There are 2 protein chains.
Amino acid sequence: MRSRRAEVVAMLAAADGGFVSGERIAGALGISRTAVAKNVEALRSLGYGIESATRRGYRLASLPDGLLPVEVERRLSDPFWSRVEGAAVTGSTNDDCRRLASSGAPEGTVVVAGEQTAGRGRMGRQWLSPRGGAYFSVLLRPSISPTDAPPLALVCSLGIASALHAAGAPVMLKWPNDVYLGMRKVAGVLLEMSAEPDRVEWIVAGCGINVRRSSGLALDVATLDEVLPASPAEVAALALDGIAGVYREFVRAGFAGLAERYGRFHLLTGREVTVRDATGAVVARGEATGVDGAGRLLVRTDSGVIPVTAGEVTLADAGGAA
Amino acid sequence: MRSRRAEVVAMLAAADGGFVSGERIAGALGISRTAVAKNVEALRSLGYGIESATRRGYRLASLPDGLLPVEVERRLSDPFWSRVEGAAVTGSTNDDCRRLASSGAPEGTVVVAGEQTAGRGRMGRQWLSPRGGAYFSVLLRPSISPTDAPPLALVCSLGIASALHAAGAPVMLKWPNDVYLGMRKVAGVLLEMSAEPDRVEWIVAGCGINVRRSSGLALDVATLDEVLPASPAEVAALALDGIAGVYREFVRAGFAGLAERYGRFHLLTGREVTVRDATGAVVARGEATGVDGAGRLLVRTDSGVIPVTAGEVTLADAGGAA
């Protein structure tokens, strides 16, 4: 459900630099022309260059600098996303989204940012989030127990990978929640939840996608613009629509129905891997054969196939490269 | 580690209505007499009736109304509790403690209240919290995965039950996290956590103990004063020290070493029970035989012993009474 503002921008953008009359916008959105003028004012204050001319209406002359929520919202197709918040720069979209979750925001709430000053990765690590990336967090409220939550990281990364793949980027997945381009990371997901022992209250999934190369980015990561010419806002909207679709499947039938699809994108399948736990101890070593219905990585070891619930995976033949 | 304020009250209370010189207090706490006077002022503003007389010092004439943090803090023995916050009345100590957790408060932080206006129970239910009860939430940061968190509800209820039992109240436990006096509930624990799929960030355990009967309390619950003459502050301090001791064991050796002790307090052992999940569907029906090393309730059914991870238990012979 797009906001009025996003609808106004969408209509102006569709005119491709041409004028759209206030009357036409008012008619399409079912609001008064005064309300249209107010929305245009609000958009101008956000940095949108909107020209107006008597009898001709409004014209979108320039877009705001940075990744603004409206830029993502106007490109979303899936009605699952109920509300898009955010700012060009924030500390961490996950922190912002957790605050909204704690104060009762509904499932489908999104927080986007074009830059994070304190982006977080898995296990308390930093996630470099310079300008040029698409950073967003989504709020989910599935009726599951915390034990069944881990596959949701796979759901989000599969949603991102599917959407980018459909748009022409040959990305793959690295279990549990990274998206790769070749052998370099291009996106990642951080899943955080609030729960009672037998009931998830909410899940916030933070997604970071490297879209354009910037000086703040590590050299060993990939950026999407190597294969796909799209702006951070376009990439964020694509990825969000992808996540909504896969999440809907998860709610309907659990991860079991998605395991095979995840497996098709999985770059580790058939390769020798080593899985380590948080302390660095080896959990399993052998050939990764796939992912099971609970989202666990299956590793064929000398003593049989082990389903791995959590851990860090490295390729046996590539040291710590993957 | 008690605060200065709590130390001052503890010294005055130990004099049992007699005077204690400012010099003696200053010496015992290693602070100046001016600092003593400042602490006395702060305590008076909290409602403590502290008289002062030239050359004789200070005398505790009356205690503040309601359950204040200092009243709990000055009675704590276990150094695990690093900081006691709270107020006579709050919305929910769990909400307050979650806020502290989110902003980085250390393990061992406690929030107490003498009354909650929006107390919460398990599964989103209300927890009636009128004056006369002891309500507190504790912040724990164990290095475990969310999958291993459920036993912590048992750890807290066992801590409360052990301490109350040692003080002379013949309480028992009802799996997973209620404390009973006879066949009526006298205390309960609500466990909430923030986690990544493979790492708990923090756990907030909210504890509510019915200490004195008040008009806001349901008739079918028990109050501790039926068997133990102790104030809400005394009960909270007892229970907190009990929890710290059992939690220390849990951190050292997991729940496996506590299962037998939990079983000794368990009122369901040997009885016919029915366990239902959140939707009301029957998960298991049979004789409760104990609790296993993962904190699961063991139920001997027609098709063997089933370990139950979560659910609501009712006694087969007593309908919904227990």
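Lettering of chains follows the sequences in order, A, B, ..., and the numbering in each one begins at 1. For clarity, every value in this text was computed on a predicted model and none was experimentally measured.
- Annotation: the span from B:Glu192 atom CD to A:Arg199 atom CZ amounts to 8.0 Å, rounded to 0.5 Å.
- When A:Ser145, A:Pro146, A:Pro197 are each tested for a side-chain contact (heavy atoms from CB on, under 4.5 Å) with B:Pro150, only one passes: A:Pro197.
- Contacts of B:Leu152 with chain A are absent, with no heavy-atom separation under 4.5 Å from either backbone or side chain.
- The minimum heavy-atom distance linking B:Asp198 with A:Ala310 is given by the pair CB-CB, 3.3 Å.
- Across all their heavy atoms, A:Glu196 and B:Met193 have their closest contact at O-CE, 4.3 Å.
- Using modelled atom types, one finds a donor on one side chain and an acceptor on the other under 3.5 Å when comparing A:Ser194 with B:Arg98.
- With a threshold of 4.5 angstrom between heavy atoms, A:Ala149 does not approach chain B through any atom at all.
- Neither the backbone nor the side chain of A:Ile203 has a heavy atom closer than 4.5 Å to any heavy atom of chain B.
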